[in-house]
Amino acid sequence: MNYWLVKQEPDSYSFDDFVADKRAAWTGVRNYQARNNLRAMKKGDTALYYHSNIGKAVVGIAKVAKEAYPDPTAKEGDWVAVDLVPEKALKRPVTLDEIKTHKTLSEMVLVKNSRLSVQPVTKAEFDQIIALAK
DNA sequence: GCCAACGTTGGC
DNA sequence: GCCAACGTTGGC
């Protein structure tokens with residue numbers, strides 16, 4: 001089981017929207033690194049849901065419901081999408097500020113390469129985020 | 001709203 | 001194949 005972090009601007013698709021939909025096709029990724037991460041996702045993997053720009057916090061947890069398939073929104077090029085389902089909202093969002101101040105989390109891709117929209121997360125990082133959310 | 005960081009594009 | 005120019009992202 002692997003851990004991931006997906007990023008979304010709450011203005012365009014918040015975690016609440018996601019929960020209301022019960023399932024989302026994660027389409028529109030047009031970055032090679034992010035695409036490779038999508039490809040590496042396995043059904044049942046866990047992903048943190050991060051709100052960029054507004055909030056700047058991890059707000060929820062999602063599960064991979066369907067592994068990578070060709071992105072239907074891509075007219076050309078070799079792009080993929082996955083399907084995600086919401087698992088649960090965190091009791092308390094874990095903000096980017098907090099993440100930066102924690103030693104275990106300061107090496108996260110989120111901090112090092114903030115622009116990557118689909119990123120791997122280590123188990124240690126994941127566990128720490130969950131602990132902080134309580 | 002600004003701007004730094006990064007990725008992509010295109011001229012050479 | 002290099003690198004300058006450009007566009008986009010996202011933190012501030």
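To find a chain, count down the sequence lines: A is the first, B the second, and so on, and within it residues start at 1.
- Using a cutoff of 4.0 Å between basic side-chain nitrogens and carboxylate oxygens, A:Arg39 and A:Asp78 are scored as salt-bridged.
- Using a 4.0 Å cut-off between a side-chain N of Lys or Arg and a carboxylate O of Asp or Glu, A:Arg23 and A:Asp83 qualify as a salt bridge.
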- Item | Evaluation steps, ring-ring contact (aromatic ring centres under 6.0 Å, His included), between A:Tyr49 and A:Trp26 | CA-CA 12 Å; A:Tyr49 199 106; A:Trp26 215 255; 5.7 Å; yes
Could you go through residues 103-111 of chain A and list every donor-acceptor pair under 3.5 Å that involves a side-chain atom there, pairing it with any protein atom two or more places apart or in another chain?
unit_1   : atom_1 : unit_2   : atom_2 : d
A:Thr104 : OG1    : A:Gln128 : OE1    : 3.4
A:Ser106 : OG     : A:Lys103 : O      : 3.0

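- Between A:Leu132 and A:Arg92 the shortest side-chain heavy-atom distance falls below 4.5 Å.
- Distance NZ (A:Lys56) to P (C:dG11): 6 Å, rounded to an integer number of Å.
- In this structure, A:Ile61 and A:Leu90 have side chains that are in contact, with non-hydrogen atoms separated by less than 4.5 Å.
- The distance between atom CD1 of A:Ile54 and atom P of B:dG1, rounded to the nearest whole Å, is 13 Å.
- Checked for salt-bridge contact, A:Arg35 and A:Asp71 miss the test: no charged N lies under 4.0 Å from a carboxylate O.
- Comparing the local axis fitted to the first five base pairs of the helix from B:dG1-C:dC12 to B:dC12-C:dG1 with the one fitted to its last five gives a bend of 10°, rounded to 10°.
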With the criterion being N/O to N/O and under 3.5 Å, what pairs connect the protein with nucleotides 6-10 of chain B, and how long is each?
unit_1 : atom_1 : unit_2   : atom_2 : d
B:dC6  : O2     : A:Arg115 : NH1    : 2.4

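- Residue contacts for A:Leu116: at a heavy-atom cut-off of 4.0 Å it reaches no nucleic acid atom on any strand shown.
- Surrounding OH of A:Tyr32 are at most 12 heavy atoms belonging to other residues, nucleotides or ligands under 6.0 Å away.
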